[in-house]
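Residue numbers start from 1 in every chain, and the chains themselves are labelled A, B, ... in the order their sequence lines are given, proteins ahead of strands. It should be emphasised that the depicted structure is a prediction, and the values quoted were computed from it without experimental measurement.
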Amino acid sequence: MHIVVESSSSGVTLTTLDDTGAFVGESVVSESDFSAEVARREASRPRWVWSDTEHWYPRLLEAGVRVERCVDLRLCRAILRNSPLTQSTDVAAAPPDAWDEPPADAASPAVGATLFDLEPARPGDQLDPLREFLRQRAAAPPALALLLSAESAGALVAAEIKHTGLPWRAEVHDELLTRMLGPRPRVGERPGRMEALARDIRAALDAPELNPDSAGTLLRALQRAGLRVESTSKWELQRVEHPVITPLLEYKSLARLYSANGWHWLDTNVRDGRFHPDYVPGGVVTGRWASRGGGGALQLPKQVRGAVLADPGHVLVVADASQLEPRILAAMARDRAMVEAGAQGDLYAGIVASGAVATREQAKLAMLGAMYGATQGESGRLIPALARAYPGAIRLVEGAARVGERGERVSTLLGRGSPLPGEDWHELQSLASAEGASTALQERARAAARSWGRFTRNFVVQGTAAEWALCWMATLRQKLHALGGAPQLAFFLHDEVVVHTPSELADVTADAIREAAVEAGRLLFGELPIRFPLTVATVQSYADAK
DNA sequence: GACGGCTCCAAA
DNA sequence: AACTTTTGGAGCCGTC
């Protein structure tokens, strides 16, 4: 059974459909009765159909109402418009409309709003979810069903994590900052430790007025002092010897900490002992989640993870999928040799044991190079050896690269399609292939084609890994609920989850995480004997997880 | 003062 | 260590 949720002038309209999509009944509830009504009807385990999980679900969570299943029409729409499996349908062919716009209420509410921001027209008001749902049902082939339900389940998980939040001890974070930077400075001033390092830098470069935050002036000062560098990036500075290097690298590290995760971050992102990650499911073309706002949920640096501490009587169960992307590649390609290399635990060690390359480091470099499309350096040189040992896996990524170089679409295992290159790209290709095109133009076009090929090459692996992660989380979410709801998903990071749980449930929580990973492998790859081993740590502090 | 481009860095 | 993928944000700086 499905219940389609829609705003109306008198409240919220709930339209019930049976499993064939036929109309069963309709009712209208006031906004204030909405969450109670959802709670009541959740007992019959419907699939809630709504425009945006992000729009509808937070108010339910506020009211203490969890739903088991939903259809997020906007996310499913995006998949249907891009999947190679639906290109002939009217969903894919329809001109862009309000469903293709970002949700009206997604941005941080009313920050910077002024008197002049009169009630904007909300795209959401023009949406007809019932009509859209029926259209999507008609368009979606069975082969896309798993991806569509995983995507919607992911949206529920994202909203729940945002609601619950990751335990974050502000006073621990403050102590950590004070220890590294010195006391919190007044507005407009640098922390003491950074100011001292800035003085050292100016002295070492004999540049008394230098602002080390200005990359341009810093580069000129470095070159004037005789350093042979082309940029001020960390990796280039590290290979140069000069008295300025040590204070400069420390300055850059502290400046990053201060501006990205300093006291200002703490003030704006931690409330009531929780950090509330603002995820955007489907926000990356590959299907990975993105994050929104200054919270930086997907780039929480290791430097500050010490402030993530379980509540009294609780622990954090932290699990990450080891070498996820190469294993995904092995399984997608049905490359028995590579699957076998990972069967004992460490895939890279398995590759070395097979004799393909000499060292674990080389195995890792070669694998990453194959998935990213490296052509140069040690990584590029190692790929032929990898191709001899694992022709199936390498054929898959090379094939995806060729498709992209032709400007065509590739697909993940579950059917998420890659975007097509833009007009500029096509124009460059046709200009370069025209009679009398300059060699410079031809080279630019080839570079653009190769670049798009690297993107599609990586898309199939990164995107399928994201699908595995969605299935993992969707399954885990159900298992944690079955444990009574006390263990809660508190964080997600591409191939890693953090569950905050009462200490006495730590072991069953860890089991649930492992079982969910097995189930995710089965959902994607059936009975193929591919393992996705996890590293699981039960800790007080996130900093101790790895 | 707003805005876009640029550089740099964090995560996977 | 980068090379090679996907992201988001801060700060600087020139342009309007």
Side-chain angles (χ1 to χ4, degrees), chain A residues 112 188 190 194 210-219 229-240 248-249 251-262 264-265 268-269 277-280 282-305 320-326 328-329 361 364-383 397 400-401 404 410 412 416 418-419 447 450-466 468-469 491-497 542 546:
Chain A
R190 283 196 181 91
M194 282 171 64
L210 178 68
N211 171 11
D213 293 325
S214 170
T217 49
L218 174 60
L219 179 60
V229 289
E230 299 295 316
S231 78
T232 64
S233 70
K234 190 172 68 174
W235 73 268
E236 197 169 353
L237 293 172
Q238 276 166 341
R239 41 202 298 186
V240 177
L248 182 52
L249 288 176
Y251 180 89
K252 288 168 85 77
S253 169
L254 293 181
R256 170 76 190 180
L257 172 66
Y258 176 57
S259 70
N261 296 98
H264 181 69
W265 182 92
T268 47
N269 289 286
D278 198 355
Y279 294 116
V280 186
V284 179
V285 285
T286 57
R288 275 186 173 181
W289 292 2
S291 67
R292 176 168 45 219
L298 296 169
Q299 37 275 113
L300 271 193
K302 297 194 163 65
Q303 272 175 320
V304 299
R305 293 185 184 181
D320 76 278
S322 315
Q323 304 155 341
L324 177 60
E325 291 192 355
I328 288 288
L329 171 57
E361 206 46 40
K364 189 173 174 178
L365 271 172
M367 272 308 314
L368 293 175
M371 292 187 299
Y372 289 148
T375 55
Q376 300 190 333
E378 187 174 8
S379 181
R381 283 193 296 278
L382 287 164
I383 292 175
V397 285
V410 295
T412 61
R416 191 186 304 265
S418 65
R450 281 195 303 269
S451 173
W452 198 264
R454 284 194 301 276
F455 163 59
T456 52
R457 168 198 295 267
N458 187 249
F459 181 95
V460 296
V461 180
Q462 188 183 117
T464 304
W468 181 90
F491 197 57
F492 167 69
L493 193 56
H494 303 311
D495 63 358
E496 176 172 343
V497 295
Y542 192 14
K546 272 200 273 214

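Listed by chain and residue number, A/Glu325 satisfy the salt bridge (Lys or Arg N to Asp or Glu O under 4.0 Å) test with A/Arg288 (two or more places apart in sequence, or in another chain). Remark: A/Asp320 engages no residue in a salt bridge (Lys or Arg N to Asp or Glu O under 4.0 Å) (not counting sequence neighbours). Remark: A/Tyr279 pairs with A/Trp289 by the ring-ring contact (aromatic ring centres under 6.0 Å, His included) rule, at least two apart or across chains. Partners of A/Val280 according to the side-chain contact (heavy atoms from CB on, under 4.5 Å) rule, which considers only residues two or more places apart in sequence or in another chain, are A/Ala290, A/Arg292. Remark: A/Leu249 engages A/Lys234, A/Leu237, A/Gln238, A/Ile245 in a side-chain contact (heavy atoms from CB on, under 4.5 Å) (not counting sequence neighbours). A/Phe491 is linked by a ring-ring contact (aromatic ring centres under 6.0 Å, His included) to nothing, counting only residues two or more places apart in sequence or in another chain. When the ring-ring contact (aromatic ring centres under 6.0 Å, His included) test is applied to A/Phe459, the partners found at least two apart in sequence or on another chain are A/Phe455.
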Show me, pair by pair, the donor-acceptor contacts under 3.5 angstrom made by side chains of residues 366-382 of chain A, not counting sequence neighbours?
from: A/Ser379; atom 1: OG; to: A/Leu365; atom 2: O; distance (Å): 2.9

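Between the two ends of the helix from B/dG1-C/dC16 to B/dA12-C/dT5, each summarised by a five-pair axis, the helix axis turns through 0° (rounded to 10 degrees).
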Nucleotides 6-11 of chain C: protein proximity per nucleotide (B base, S sugar-phosphate only, - neither; heavy atom, under 4.0 Å): BBBBSS
Protein-nucleic acid N or O pairs under 3.5 Å, nucleotides 1-3 of chain C:
from: C/dC3; atom 1: O2; to: A/Gln376; atom 2: O; distance (Å): 3.3

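Applying the salt bridge (Lys or Arg N to Asp or Glu O under 4.0 Å) test to residues at least two apart or on different chains, the pairs with a partner in residues 451-461 of chain A are A/Glu398-A/Arg457.
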